[in-house]
Protein chains: 2
Amino acid sequence: MSKAANTRLTILHKAFELIYSKGYQTTSIDDIIATTQVTKGAFYYHFKTKDEMGIAIIEEILKPTMLESFIQPIENSQNPIDDLYNMISYLLLEDPFLEVKYGCPVGNLTQEMTPWNTQFSKALLELVNQWMHTIQKIILEAQNSGLVRKEINGEQVAFFIMSGYWGIRNFGKLQNNNSCYIVYLKEFRDYLNGLK
Amino acid sequence: MSKAANTRLTILHKAFELIYSKGYQTTSIDDIIATTQVTKGAFYYHFKTKDEMGIAIIEEILKPTMLESFIQPIENSQNPIDDLYNMISYLLLEDPFLEVKYGCPVGNLTQEMTPWNTQFSKALLELVNQWMHTIQKIILEAQNSGLVRKEINGEQVAFFIMSGYWGIRNFGKLQNNNSCYIVYLKEFRDYLNGLK
DNA sequence: GTTGTTTCATACCAATTAGTATTTTTTATG
DNA sequence: CATAAAAAATACTAATTGGTATGAAACAAC
């Protein structure tokens, strides 16, 4: 990787960390260049505006991460119910990328940016739809192989699962404690079993 | 109401509107005094700091609203399953206080403030716990009167319901469209019926 | 109507914000 | 090594931020 490409990536990664923990608005360019040890000239050579960098974080960090670490693992699921549970359980309790008190990066950005920044909305919606379609797909496959009841509606289930995930992450933030995740997961397991 | 108490309330209400639609950080004191037509002197006479005002919004606007408009209505429920459904349905589709594209005020503040402002965390946690305990209580009562299965865990259900609500509101924000609420509510109905 | 307190108005401030203009260094290519 | 382009460093700006200092109305009690 060229040195320039490297500083660009450094900016994206460190900026992501800051934004994930502090929020987008409250993370200033000065914050970013201070923690990255990159000068303002370098920053604005790589990104025309702060928002351009924000979109780049979604496209170049969040999207690939989501794809690799929790879409691909369930994509060819033989055991959808278990795999859906494991996906959420992994995200809540194990993913090293995520921290209880900072919630879900995608959820955070959605909450913060969505009502007034259409660029962010578009990028985030793409990302979320990708996840949702994957869930819908494996539900459908599970129905075809008889593992999930035929009368279940995949779209409904996908919305329900993702909503629950986003919501409980907000709870985790509020309580700054993952014990609510344990409780949530128990009910989630029961809910999933109800789809059989 | 005295004139002074009136300006104080005006500030709180208008500030709430701004914060609900734009976020806390991005709502400046200048924004608030511009839309309220109240001078900075008046503002800082009533509130020592911006954060003091923020807490006052939670205590004096959000808390009473929540109590009156969606805790009391279900508190003495004879039909918990239906009433829980109606509560969420009302919040998503009818409550004039709320708008699709701005999400849930409590959820928004939690997302934005919680990782770094303990005062806000505390006030929001109290508020949320109050809602949760109400849900737990009516589940328990429903179990006692045989309307909900005995093996159901009320705490789990309460977490599950509230998480789903917070999550789907974030979806509504993202899509700026309440059609996802309709889909969500269908699955929510099925989930609730599974508790019987 | 004088006096004291509550309430509000005005003018300011230092710090921070995103972004720019300009120059310097680094790097690749002949 | 020379040169041009890419990459980065430095110094700045205008606007906005939360908050303050100080004084002026409004209002109550006597």
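Reminder, nothing fancy here: chain letters follow the sequence lines and each chain counts from 1.
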(message) With the threshold set at under 4.0 Å for non-hydrogen atoms, list the residues of residues 15-45 of chain A touching DNA chain D in residue-number order.
(response)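 A/Thr39, A/Lys40, A/Gly41, A/Ala42, A/Tyr45, in order of number.
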(message) Hydrophobic clustering (ILVMFWY, side-chain heavy atoms < 4.5 Å, transitive) - are B/Leu140 and B/Ile152 grouped together?
(response)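 No, B/Ile152 does not connect to B/Leu140 through the hydrophobic network.
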(request) Determine whether A/Ile138 and A/Leu147 fall in the same hydrophobic cluster, where Ile, Leu, Val, Met, Phe, Trp and Tyr are linked whenever their side-chain heavy atoms lie under 4.5 Å apart. (result) no
(message) Tell me whether B/Lys186 forms a cation-pi arrangement with A/Phe159, defined as NZ or CZ under 6.0 Å from the six-membered ring centre and within 45 degrees of its axis.
(response) no
(message) Quick check on D/dA6: is either OP1 or OP2 less than 4.0 Å from any side-chain nitrogen or oxygen of A/His46?
(response)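 Indeed not, no polar side-chain atom of A/His46 lies that close.
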(message) Taking 4.0 Å as the cut-off, does a side-chain nitrogen or oxygen of B/Thr7 come that near to OP1 or OP2 on C/dT7?
(response)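 Result: no.
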Between [atom2] of [N] and [atom1] of [X], the distance in whole Å:
{"X": "B/Lys50", "N": "D/dT20", "atom1": "NZ", "atom2": "P", "answer": "15 Å"}
{"X": "B/Asp51", "N": "D/dT17", "atom1": "CG", "atom2": "C1'", "answer": "14 Å"}
{"X": "A/Leu9", "N": "D/dA7", "atom1": "CG", "atom2": "P", "answer": "14 Å"}
{"X": "B/Asn6", "N": "C/dT7", "atom1": "CG", "atom2": "P", "answer": "12 Å"}
{"X": "A/Phe47", "N": "C/dT20", "atom1": "CZ", "atom2": "P", "answer": "15 Å"}

(request) Could you go through the side-chain contact (heavy atoms from CB on, under 4.5 Å) check for A/Thr114 and B/Asn176 one step at a time? (result) CA-CA 9 Å; A/Thr114 264; B/Asn176 189 15; over 6 Å; no
(request) Test A/Phe97 against every option in A/Tyr102, A/Phe16, A/Tyr20, A/Tyr90 by the ring pair (Phe, Tyr, Trp, His ring centres under 6.0 Å) rule and name the one that passes. (result) A/Phe16
(request) Any pair with a residue in residues 121-142 of chain A that passes ring-ring contact (aromatic ring centres under 6.0 Å, His included), sequence neighbours left out, goes on the list, sorted by first then second residue, please. (result)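 Sorted pair list: A/Phe70-A/Trp131, A/Trp131-A/Tyr165.
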(request) May I ask you to say what B/Thr49 touches in the nucleic acid, namely base, sugar-phosphate or nothing, with a heavy-atom cut-off under 4.0 Å? (result)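 Sugar-phosphate, backbone atoms only, no base.
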